[in-house]
Amino acid sequence: MDSPNVELMSALASLFECGKYSDLTLLCGTKRYSVHRALVCSRSEFFEGACRNPFRESETGVIDLTEDDPEAVEHMVNYFYHLDYLTKPLSRRSSQRSSRLTSPLSPRSPTRRRATKINLALVEDPLMAMMSAATPSGGPLTPPSERANHFESLDASGKLPDTPMADQDTEDPFESYQMEAEADVEKPHLVTHAKVYAIAEKYGIPGLKSLARKKFAHQMELHINSAELPEACQEAYETTVDTDRGLRDVVIQTFRSNPDLTLRQDVELAVRETPGLAFELFRMASGLPVTGLRPATSAC
Amino acid sequence: MIAGRGRQRIRPPRRGLHGDEVDFENTWGIIASAFREIHTKNASRLSYEELYRHAYRIVLKKKGEELYARVRQFEHEWLSNEVRGSVQALFSPNVLANTQSLGGTTANERRVAGEKFLKGLKQAWGDHQVCMSMLADVLMYMDRVYCQDNRRPSIYTAAMMLFRDDILKTPTSDAEGRVVLGLLTHVILDQIQMERDGDVIDKHLIKSCVYMLEGLHDDDKESEELRLYNVSFEREYLDTSREFYHQEAELLLRDSDAGAYCRHARRRIYEEEERCKSTLLESTSPRIQKVVEDELIKHRIHELVEMESGVRFMIDNERLDELNLIYDLNNRVDGNKSELTRAIQKRIVDMGTDANKAAIAASQSTAPAADAGGEKGKGPAPERNSNQQTVAAIKWVEDVLQLKDKFDKVWRESFNSDNLLQTALTRSFADFINSSAFPRSSEYISLFIDENMKKGIKGKTEMEIDNVLEKAIILLRYVQDKDLFERYYKKHLCRRLLMNKSISNEVEKQMISKMKIELGNNFTLKLEAMFKDMTISEELTSGFKHHVEGLGEKDPRRIELAINVLTSMTWPLETMGSSDDDGGKRPKCNFPIAIDRIRRGFEKYYNQKHSGRQLTWLANMGSADIKALFSKIPQKDGTFKERRHELNVSTYGMIILLLFNELPATQHLTFEEIQAQTNIPVNDLIRNLQSLAVAPKTRILLKEPMSKDVRPTDRFFFNEGFNAKFVKIKVGVVSSGNKVESDRERRETEKKNDDSRGFCIEAAVVRIMKQRKELAHQQLVMETLSQLAGQFKPEVNMIKKRIESLIEREYLERIEGVTIDSYRYLA
């Protein structure tokens with residue numbers, strides 16, 4: 001807990017919670033986020049552009065993002081301060097806490113502003129996980145068994161993206177136990193991740209982009225049968241330009257490993273509605289390189 | 001969970017946001033009007049987020065290319081319609097005038113007009129940059145996605161190129177059809193020229209225009225060499241500067257002196273450097289430096305050095321600062337500083353040659369003058385002559401040392417102790433010191449030391465003495481023929497030691513050890529042996545005295561003997577007298593009986609100590625103290641008084657005087673009688689008789705007839721009436737000091753030197769051949785030269801002769817049937 005990294009992360013989290021020293025406000029619908037130019041502008045070229053040029057935003061100190069998806073905006077802001085969003089709480093947390101932890105997902109959580117400590121904990125989890133990935137002896141607060149489990153699944157997504165293992169994972173008794181305990185967390189959030197990916201692309205935040213992609217790919221494996229899947233695929237193909245392969249590759253890979261998907265009715269509907277996806281699936285089925293027709297991509 | 005499900009339901013509105021076709025024209029209309037606002041500086045009314053979103057959506061809907069083209073078109077039109085006009089408005093007649101002729105407008109008018117033009121252009125450029133960076137931020141997504149994927153220049157870069165094409169490359173209205181860019185270059189050059197002429201200009205203003213030229217490129221690839229600055233400005237800047245400095249150099253060389261020229265050139269170099277920093281770009285610095293250096297220095301350095309007020313003048317007038325300037329300038333364009341080196345070397349050789357000539361002139365021209373002044377007797381004339389020569393020698397040494405000091409100072413203070421120049425100085429000194437027109441340097445240096453050993457160092461502190469010795473060593477370093485110097489030094493040292501002329505034995509030894517350091521052990525070996533002989537002789541003298549005392553009763557009439565036993569090979573005895581007259585056979589004079597007894601006594605004593613050694617007595621080199629009693633004769637004051645004198649005479653003089661001891665007062669001896677009785681060599685006898693009977697102050701004998709010369713028929717009497725003020729009288733013998741050699745003597749010395757060089761060469765050749773067995777002629781000569789370099793520089797001819805001689809004597813043989821002359825060593 002006294003690691004310098006933790007210290008910095010806690011400091012950032014508390015800055016966000018209190019809104020101390022805030023010099024920029026983000027609006028999204030009825031929500032207001034008090035943020036810091038130093039932190040936001042240095043991460044996103046959009047925000048930098050807004051603040052360094054003499055447009056209205058730099059004079060008023062308010063950037064209105066109402067046109068964007070409010071959920072995606074919230075996740076983005078979260079990422080700026082916590083380096084993560086939609087964090088999956090671990091089972092060791094008390095149910096009382098976990099209910100609060102999910103609060104960022106619900107648009108109007110009254111407890112959010114006050115729950116400094118709890119949010120701190122929220123930050124710590126992925127970080128602790130990362131630290132224990134590097135060093136076998138983790139922090140004392142994290143039970144080893146759970147930590148190991150958490151990473152197994154992450155690793156599996158990285159190394160074995162399309163093996164049946166993924167399906168087994170969902171039926172893992174341990175996982176299902178978790179699902180019962182933290183039902184909300186186990187929602188796939190596929191559409192959310194796609195939206196976050198899109199907003200990261202729009203505002204030029206590479207770190208958030210890759211984080212969203214990783215989460216998207218992970219959830220895709222875990223929730224291959226999710227009802228969200230068709231919409232997520234559509235989202236992936238419509239919110240970014242064709243040359244952006246990030247989510248597209250994940251989607252195509254999923255279809256490749258799960259040919260049965262096309263048999264689902266809702267999937268079929270989505271494919272019909274999304275020409276980009278349809279075209280690429282066609283090329284895949286014909287044994288052609290999926291991106292062959294776009295010379296620009298091959299040039300990059 | 002419920003919320004999640006809910007989101008799935010709200011699909012239609014989302015589709016509306018993303019799926020529908022964006023109305024491009026409408027959106028572009030919004031963006032274009034916003035851009036217009038930005039260009040008219042009303043951006044604060046605009047929402048960045050909104051503009052960004054519009055551009056983002058257009059790109060997302062694959063209309064990036066269209067957007068890009070529209071923005072370019074928009075900027076093109078804006079620049080052409082709005083900006084170009086305001087720039088054109090800046091072309092006042094005064095700005096345009098300077099491109100054609102300088103007449104009609106004053107510099108000040110042009111300066112003001114030029115500044116106005118530059119200001120306007122700078123303003124337009126600055127505005128364009130600011131607006132474009134705002135536009136580029138709005139179009140960030142297009143840059144990131146469309147431009148990168150399609151490898152188009154970013155919209156900012158594209159807009160900068162538009163500025164180049166739509167503003168800078170459009171023609172001005174003047175008759176020449178000049179483009180704005182050309183005008184800009186001319187205005188800047190004009191301003192710089194004004195500054196060179198002493199005006200004050202707005203450097204910051206020019207610098208910002210220069211930055212513009214630096215930021216723009218002539219092509220669309222942004223290559224370094226094609227920056228507008230380099231392509232359009234710098235080239236012309238260098239050309240006009242070259243022309244300017246070419247003319248300036250011409251003018252300056254004509255109108256001012258070398259020192260002023262140097263100062264000016266240095267200032268110009270500094271100015272140009274500063275200009276690059278403050279007004280232009282640093283990258284131009286080396287290039288303009290080269291132009292200035294070429295025009296002001298490189299192409300002019302020869303003229304500069306040769307100017308009436310050039311290097312020679314500076315040296316003669318000790319203009320150390322100016323010499324330093326010349327050095328610095330020359331060093332900039334030529335690491336070897338060849339022009340300066342050449343001038344310096346010439347000056348050294350000239351001045352050195354002057355010193356040489358002065359020395360020769362002094363040694364020759366004073367001879368008749370001395371003759372005219374010294375009619376009193378024959379003796380003093382040649383003596384004074386050679387004295388004069390000695391003075392000339394010492395003056396020469398001092399002149400050379402002064403020269404050396406002078407140039408050392410110049411070297412230290414003006415040439416930053418430059419190594420190359422030091423080498424050049426050394427070479428030049430060696431050149432004139434070893435000049436074939438001046439063969440006396442070795443002798444002169446040795447004489448200089450001799451003079452100091454005998455007189456010069458009297459009353460000086462150790463430091464000062466050391467200084468004098470060091471000076472001698474400095475000169476010695478330049479001397480090529482060290483063997484010749486050794487010969488002279490030995491001769492002079494020999495006289496100093498035997499005649500006890502040295503002031504301090506300590507200093508002599510100090511000198512030897514200095515030479516040892518400078519020239520090596522070999523060089524001083526024989527000199528040290530001479531000192532050793534002296535020490536042993538002292539021991540012998542006291543040992544013999546002790547031995548005689550032990551023989552019996554002290555005899556009041558006993559003659560004391562002080563003796564120097566000299567190893568024959570070590571001492572240059574042949575130079576000590578006139579032995580060369582006798583064809584190598586050493587003369588044996590007849591000693592008086594009393595003396596002869598002592599001689600035999602010592603020989604016996606010596607043989608006891610060192611059996612088998614032969615002692616040869618060199619009477620010509622000794623001296624004797626005699627107590628003489630002159631009978632009562634009337635004095636000037638009328639008293640009668642016996643007079644006792646202690647006479648210090650040469651050994652020969654003593655022998656002659658003792659003859660008169662036996663003789664009644666009125667009797668006389670003829671020259672021939674004296675010669676027959678003493679067997680003293682004729683030359684020595686004449687000189688001794690001259691000093692005893694002719695020299696006015698020591699006329700112990702009387703000669704008949706009285707004349708300067710001594711003839712065989714002359715008769716000699718004892719001078720009863722001899723009168724002198726002092727009790728102790730030293731009877732000098734003509735030509736006993738170390739003097740400059742006469743030409744005959746010099747030839748003699750050189751001949752001897754050449755002979756001994758012959759041996760050295762032969763020895764070296766044999767050494768080399770013994771080791772190599774077979775060797776080509778050329779190589780043998782080279783190796784011989786390098787072996788002997790430390791002693792002297794033999795002539796190649798001499799080496800050839802020696803080799804022939806060795807072949808004759810069958811040490812070597814020619815190898816038959818080879819293309820290159822080669823020799824083989826015969827064991």
Side-chain angles (χ1 to χ4, degrees), chain A residues 26-27 44-60 62-69 71 102 105-107 183-192 195 198 201-204 227-228 230-231 234-235 238-244 266 273-274 294-297 299-300, chain B residues 1-11 13-20 34 37-38 41-65 130-152:
Chain A
L26 303 186
L27 285 184
S44 152
E45 49 184 34
F46 166 80
F47 288 108
E48 187 170 24
C51 292
R52 82 173 154 210
N53 291 303
F55 289 107
R56 195 171 63 208
E57 281 86 345
S58 69
E59 280 183 20
T60 57
V62 177
I63 300 177
D64 189 345
L65 301 179
T66 308
E67 288 282 332
D68 287 304
D69 185 286
E71 194 189 352
T102 58
L105 299 182
S106 47
D184 194 41
V185 174
E186 283 316 309
K187 276 187 60 194
H189 297 302
L190 278 172
V191 177
T192 306
K195 281 178 178 167
E201 161 70 3
K202 179 181 177 185
Y203 292 140
E228 269 188 47
E231 194 191 343
Q234 264 181 299
E235 191 77 27
E238 284 173 358
T239 53
T240 55
V241 290
D242 295 351
T243 47
D244 192 316
D266 53 348
E273 281 180 11
T274 318
R294 272 180 297 270
T297 340
C300 294
Chain B
M1 204 164 166
I2 290 162
R5 291 262 158 80
R7 266 202 304 283
Q8 276 186 331
R9 297 285 114 79
I10 50 161
R11 247 165 95 179
R14 188 183 59 81
R15 313 237 95 221
L17 207 74
H18 294 277
D20 290 352
E37 295 288 316
I38 290 174
K41 302 182 183 173
N42 288 320
S44 60
R45 282 196 259 145
L46 304 167
S47 160
Y48 174 77
E49 188 274 335
E50 184 190 344
L51 294 173
Y52 184 93
R53 174 158 36 87
H54 287 312
Y56 166 73
R57 284 203 186 145
I58 288 176
V59 175
L60 197 60
K61 290 303 156 195
K62 299 172 189 151
K63 294 269 172 39
E65 181 143 16
V130 169
C131 293
M132 280 323 295
S133 76
M134 289 171 74
L135 255 62
D137 276 352
V138 167
L139 300 169
M140 201 181 272
Y141 193 71
M142 179 181 80
D143 270 345
R144 180 147 51 87
V145 172
Y146 167 73
C147 295
Q148 253 177 35
D149 285 358
N150 295 282
R151 296 190 174 185
R152 305 294 294 262

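Below, chains carry the letters A, B, ... as their sequence lines are ordered, and counting in each starts from 1.
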Does any backbone or side-chain atom of [X] lie under 4.5 Å from a heavy atom of chain A? Answer side chain, backbone, both or neither.
X        : result
B:Arg45  : backbone
B:Lys41  : neither
B:Val130 : neither

(request) With a 4.5 angstrom heavy-atom cut-off, could you sort out which part of A:Glu59 is near chain B: side chain, backbone, both or neither? (result) side chain
(request) Could you look at A:Glu201 and say if it's the side chain, the backbone, both or neither that has a heavy atom under 4.5 Å from chain B? (result) both
(request) Supply the atom-to-atom distance B:His54 NE2 to B:Leu139 CG, rounded to the nearest 0.5 angstrom. (result) 12.5 Å
(request) Please round to the nearest 0.5 Å and tell me the distance separating atom CG of A:Asp68 and atom CD of B:Glu49. (result) 6.5 Å
(message) Could you check whether B:Tyr48 and A:Phe46 have their ring centres less than 6.0 Å apart?
(response) yes
(request) Give me the ring orientation class for B:Tyr141 and B:Tyr56: parallel if the planes are under 30° apart, tilted from 30 to 60°, perpendicular past 60°. (result) perpendicular
(request) State, to 0.1 Å, how close A:Glu238 and B:Leu60 come at their nearest heavy-atom pair, and which atoms those are. (result) O-CD2, 4.2 Å
